[in-house]
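Letters A, B, ... mirror the listed sequences (proteins, then strands); counts begin at 1.
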Amino acid sequence: AQSVTQPDIHITVSEGASLELRCNYSYGATPYLFWYVQSPGQGLQLLLKYFSGDTLVQGIKGFEAEFKRSQSSFNLRKPSVHWSDAAEYFCAVVVYNQGGKLIFGQGTELSVKP
Amino acid sequence: DVKVTQSSRYLVKRTGEKVFLECVQDMDHENMFWYRQDPGLGLRLIYFSYDVKMKEKGDIPEGYSVSREKKERFSLILESASTNQTSMYLCASRTANQPQHFGDGTRLSIL
């Protein structure tokens with residue numbers, strides 16, 4: 001069955017430090033993968049997507065992610081974190097034979113220290 | 001820019017009430033979705049719709065129903081609200097081969 005795992009429930013980084021959020025997926029075919037961000041009390045905003053092609057994808061707010069098929073991973077990175085990046089981050093894979101529904105990981109909450 | 005609007009940000013209801021959550025999108029998207037979000041469980045799909053009057057059960061449909069009479073509107077219905085339905089509800093829409101766009105969510109409390 002398809003699944004997404006985010007191993008880290010909560011991460012704290014210092015402002016200006018680099019960030020990597022981990023995501024592992026289980027999917028039989030070529031996955032279409034996403035990272036979303038959710039600020040407190042808000043809906044989900046799309047950060048970036050991987051459909052095919054270049055395995056390093058750029059997103060908004062300075063984020064990037066790398067698709068590694070051999071490791072079934074799609075980790076999110078940012079070279080220098082800002083206090084405003086504190087939020088919850090969700091990795092997701094789309095299941096196209098079920099209307100394009102998304103299967104989400106459990107989420108990683110990011111805290112940023114001054 | 002795609003806009004998905006959920007009618008209420010916060011809602012408080014009593015057990016046994018029939019509750020309606022409304023969602024409207026302005027981009028003529030074919031597909032619409034209702035998720036619930038609970039701490040530690042991420043988002044789980046309740047129902048989705050791929051066309052007017054068409055609906056499919058998601059992973060946790062029990063206790064819910066949906067209605068899609070017009071393309072832009074997708075309603076989630078709690079037939080008889082229970083306390084275990086207290087949650088954050090998120091609506092989303094998409095068109096073919098594009099990502100889902102989400103509303104701001106409705107935080108529903110059932111007392």
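For the set B:Gln100, B:Gln6, B:Met88, the entry with the most heavy-atom pairs within less than 4.5 Å of chain A is B:Gln100. Chain A forms the most heavy-atom pairs under 4.5 Å with one residue out of B:Arg107, B:His101, B:Arg9, B:Glu30, and that residue is B:Arg9.
Summarising the local packing, NZ of B:Lys57 is surrounded by 12 or fewer heavy atoms from other residues, nucleotides or ligands at distances under 6.0 Å. Counting heavy atoms of neighbouring residues, nucleotides and ligands inside a 6.0 Å radius, atom CZ of A:Arg77 exceeds 12 of them.
In terms of heavy atoms, B:Phe33 sits closest to B:Arg94 at CE1-CG, 3.6 Å.
Note on ring orientation: taking the six-membered ring where Trp is involved, the planes of A:Tyr36 and A:Phe104 are tilted (angle from 30° to 60°).
Residue contact with chain B, scored on non-hydrogen atoms closer than 4.5 Å, involves the backbone and the side chain of A:Lys101 alike. Proximity to chain A is absent for every atom of B:Asp38, based on heavy atoms less than 4.5 angstrom apart. If you measure heavy-atom distances from A:Gln38 to chain B, the contacts under 4.5 Å come from the side chain alone. In this structure, the portion of A:Leu46 lying under 4.5 Å from any heavy atom of chain B is its side chain and not its backbone. Looking at B:Tyr35, the atoms closer than 4.5 Å to chain A (heavy atoms on both sides) all sit in the side chain, from C-beta outward. Only the side chain of B:Leu90 comes within contact range of chain A, judged by heavy atoms closer than 4.5 Å.
Checked against the 6.0 Å centroid threshold, B:Phe102 and A:Phe90 do not count as a close aromatic pair.
Each of B:Glu56, B:Arg68, B:Lys55 was compared with B:Ser49 under the side-chain hydrogen bond (donor to acceptor under 3.5 Å, both in side chains) criterion, and only B:Arg68 meets it.
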